[in-house]
Amino acid sequence: MILIYSDKFNKHDKLGHPENKNRLIAIKNILDKYNYKTIEVKEIENIEREIKDVHLEEYVEFIKNFKSDMLDIDTYVTKDTYESAVAAVCASINAAEYAVSKRDAFALVRPPGHHACKEKGMGFCIFNNIAIATNYVIKNEIAKKVLILDIDCHHGNGTQEIFYSRNNVYYISLHQYPAYPGTGSYDESGIGEGKNFTLNIPLHPYTTDDEYIEHLKIFRKIAIDYNPDAIFVSAGYDTYLHDPLTSMSITIDGFKKISEFIKETAKIIDVGVAFILEGGYNLEGLSKGVLETIKVFR
Ligand SMILES: [Zn+2]
């Protein structure tokens, strides 16, 4: 598994905020301890155009020329945010390109992305990394169809919104429900050509490892039927039982089992997987969870 990391992601930081640079530092420390090497993010040509292909031009310009320090009640912006967020998008595209060429990759990025909507960021997210990467590979005809699996504890409302009327992106989300941001009920299933290409799997608080794997079985069935060119994972580790922001009961061993299930599924349909980091706010759960994923994919 190719691991993409950059210190640029950590320029975006706010002391005392749960989404801070210590998250990636914890991951990097554990990777160093186990001798896993990372590669630096590769820049993407005309990246601003790629971002504006998914987000409203005015919103991108607003982040670039930031004026206020809070985008909303829980999402901060600093003078360095644009640089970090652009680097996170580039790393996600790098990972997506590897996955399409059947090499598994993990973009260890922040700020996270799956709550970011077309017109605005929210929920600690600035640009929707996985959506921009997905749009990039399809637009450039590197892939025809992509399946996005969102295993963050929260519903990826931004990713859902961006692909809601498309059938060349299948979006599946498992999330605690109800919880932030309030969306992600079972009957949100797409619109127009995208009808039935969005699947929300709302989970009750305290969902265990075994229950989670049981719910993941539908993902395998869909992957086989849909036959995408790659699987992209919105990889949040905030389902961890000690996460301070959520109430799920996934253990470190659970992250291993979930990763194995994804790997086996990718093997059945013979595609690569790109993991793109989203949430995870207990540093031990986050770093050990990511390590389990990397060990499974090796
Ligand atoms: Zn989350």
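In each ligand, atom 1 is the first atom listed, and ligand 1 is the first ligand listed. Just so you know, these numbers use all the heavy atoms, side chains as well, and skip hydrogens, waters and symmetry mates.
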_Polar side-chain atom of N140 near backbone of I142 as donor-acceptor pair, under 3.5 Å_ = no

*Quickly, which of D150, I130, I151 forms a side chain to side chain contact (heavy atoms under 4.5 Å, CB included) with V233? Name it, please.*
I151

Minimum-distance atom from the Zn ion (ligand 1) among N, O or S atoms of [X]:
X	value
H154	ND1
D238	OD2
D152	OD1

*Taking NZ, NE, NH1 and NH2 as the nitrogens, is one of them in D270 or K102 under 4.0 Å from a carboxylate oxygen of the other?*
yes

*Is it true that K28 and D32 have a side-chain N and a carboxylate O under 4.0 angstrom from each other?*
yes

